[in-house]
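Numbered from 1 within each chain, the chains take letters A, B, ... in sequence-line order.
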Protein chains: 2
Amino acid sequence: MSKATIYDVARVANVSIKTVSRVLNGEPKASAETRARVMEAARSLNYTPSLSARALSGSRSFLIALVSSGGVSDNAMLYVTELQMGAIQACRAGGYHLLTEYIDLGASDFTALTETLVSTLRVDGVILIPPLCDDPQLLSLLAQRGVTCVRISPTLDGSAEEKWGWGVDIDNYQAAFQMTRHLIDQGHRDIGFIQGHPKHAAAAQREAGYRDALFDGGPIPDRLIQPGLFTFDSGLSAARALLEQPRRPTAIFAANDSMAMAVLSVAYKMGIPVPSALSVAGIDDLPAASVVCPPLTTVRQPVMEMGAAAARFIIDRTAGQVGSYLKKVFDHSLVVRESTAPPT
Amino acid sequence: MSKATIYDVARVANVSIKTVSRVLNGEPKASAETRARVMEAARSLNYTPSLSARALSGSRSFLIALVSSGGVSDNAMLYVTELQMGAIQACRAGGYHLLTEYIDLGASDFTALTETLVSTLRVDGVILIPPLCDDPQLLSLLAQRGVTCVRISPTLDGSAEEKWGWGVDIDNYQAAFQMTRHLIDQGHRDIGFIQGHPKHAAAAQREAGYRDALFDGGPIPDRLIQPGLFTFDSGLSAARALLEQPRRPTAIFAANDSMAMAVLSVAYKMGIPVPSALSVAGIDDLPAASVVCPPLTTVRQPVMEMGAAAARFIIDRTAGQVGSYLKKVFDHSLVVRESTAPPT
DNA sequence: GGGCTGAATGACAGCGCTGTCCCTGGTGTC
DNA sequence: GACACCAGGGACAGCGCTGTCATTCAGCCC
């Protein structure tokens, strides 16, 4: 009942521990018969190898770290849960385990974090979440130490890409472009935009998509664009700035759902009915997006799949399969709900 | 630059590795002078001990697992993120690391989970989230293997308590009682209630609080109470059942925020203004609760602190401090926002 | 048949720590 | 002075695996 070791398995299967190790790791040199015998012994003993021992002696640790920053309170970071769930799933499938680390962006000690990840934990890879995934200091520390990184929604900087690891993302430009087109198709011309956090690469891409869809790259009246930080609170101010104008837009497209919900909230307070007098759209499809009133039109990203892909990349790479070291772009989809409608 | 070992530190400090180990682990036998020398050497080498080696040779693994079940899509489980954040914080402070494992409740193999936790990971403790924390099968498996468990919001079963580990919770009865009183104080008499998931212990406690506050334990008309499952969707049906009655309640108290938001949604669709024609209240204070329209009156639990306390308990216990093996009850607070008001 | 190749397996040395036991020399006691 | 005692510190054996290299034994070629 208590912990079975590789020795027990070897004894039962009547082979050396090395052979057990080989079979369990799927190494080639083992006859089918031996393989079966070992597997059976392992099963009967309910044996699971010790991660610590494997990590200590071998070159893999079977550990992946998901590093996040930023407070929970920040609605914008809510998709971390979903990402994590995807990563966990992929880890299970590959015999890996997911560690979650947190770093305070304020008093951040990247050196200590790196040391922990590399020396203490010896992780096989790290999944980085924005805005961490775009911090050159952290990235170069990790690169120096040879850590495999996967960046979620990283900047588009091509040259850095190769140096700093693989990335997963959606096509933020296209997502914003399509959403803007959706509003235009409905008949909107006066479409306000709330920008994302200037440090998030996705923010600029989304704004570009909006600009190009609305004015094909031409100048857009300043009054239509308000700064935001991807947070609900920042969305509140931006929404007010947009809605208190004498000639207010008939639609507002926020660079993410948190801010779009802020628009909903301000409109509600000001007595502006949505969507009849104002259409509102966001990006992300947060869990909350479907439960607010009215349900939010937004762009859904396959966050869980992205998390799974990130973990899988690290696992494959550690197992020797050299990944293509590029960025994988996932498909997004427009989710049209009730917050958008033709202007009346 | 590359991984420094305890040998390096020993050499630099001119002591044996055992002494380094002693100093770093805060063991008594070491003079102040030696201690300082070792610390200095460790710092200068940027040394961090290997977790694997420590775990393999010692009795602690410095690992805590947070086990969750249930889909991400389930709004009700959203507070996992917050719990996790608290646990991570406590882990960092204690030199621990947090692993997140997931188990599919459908095809659940508790034996495999336990084996992974015990043999493979050798975790020092496990944090269990509802409804996992009330599953007798899993609990007894873990207890058999001597795993320290902390259960979040567990059943009140006192006898099981000691056998199955420590727990953290709020006083669900009081929380619901106070919320109901709040509605009564505002003048409501016809207060509907949406029950929680029958398997969650908190659900029954919350209902009891509601019943006692409203009718002091006496019979409550059936029409006022609707079944729910803590999910948004279940809240939708319950809300409809409540609001389509000829004589509909003037207030609805849902056993959690997800379902309360469903009430908001149904009311919106039916054109019932909140709070003027209907007050709505929930429990949990989800991140989304403050951004819906109108912002939801709810009960806030100190989820992050609860997570931190859970992790801290495991850490202390592993370090030898025998915990009191009871349940720690945290203070909750009524958060009155705009979804409740006197009936008109 | 001798030598060679290659597949299947085992022996053995660590990986970087901690637990246990042991040694040293200074102090206190009578 | 003989003894016990204890704080301070070292030697050493693993923890449970994997990497490396050695060994064995078919099968095969000329």
Within this structure, what is the [atom1]-to-[atom2] distance between [X] and [N], rounded to whole angstrom?
| X | N | atom1 | atom2 | result |
| --- | --- | --- | --- | --- |
| Arg54(A) | dC15(D) | CZ | C1' | 16 Å |
| Arg11(A) | dC17(D) | CZ | C1' | 15 Å |
| Arg122(A) | dC17(D) | CZ | C1' | 13 Å |
| Leu24(A) | dT18(D) | CG | P | 8 Å |
| Leu51(B) | dG16(C) | CG | P | 14 Å |
| Asn25(B) | dG19(C) | CG | P | 7 Å |

Quick note, ring pair (Phe, Tyr, Trp, His ring centres under 6.0 Å) partners involving residues 135-155 of chain A, not counting sequence neighbours, are none
Measure the CD1-OG distance between Ile103(A) and Ser68(A) for me, rounded to the nearest 0.5 Å.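 So the gap between those two atoms works out to 10.0 Å.
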Tell me whether the side-chain N/O atoms of Ser21(A) come closer than 4.0 Å to OP1 or OP2 in dT18(D). yes
Its contact letters, B for base, S for sugar-phosphate only and - for none at protein heavy atoms under 4.0 Å, make nucleotides 5-14 of chain D read ---BBBB--B
Contact between Arg43(B) and Glu40(B) at the side-chain level, heavy atoms closer than 4.5 Å - yes or no? yes
Heavy-atom nearest pair, Val123(A) first then Ser61(A), reads CA-OG, 3.5 Å
Kindly give the heavy-atom pair with the smallest separation between Met304(B) and Gln89(B), and that separation in Å. CE-OE1, 3.7 Å
Counting any heavy atom closer than 4.0 Å, what does Ser59(B) reach on the DNA or RNA strands: base, sugar-phosphate only, or nothing? sugar-phosphate
Arg145(A) with Glu115(A): basic N within carboxylate O range, under 4.0 Å: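 Yes, charged N to carboxylate O under 4.0 Å.
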Where the side chain of Leu56(A) is concerned, which of dC15(C), dC17(D), dC17(C) is the nearest nucleotide? dC15(C)
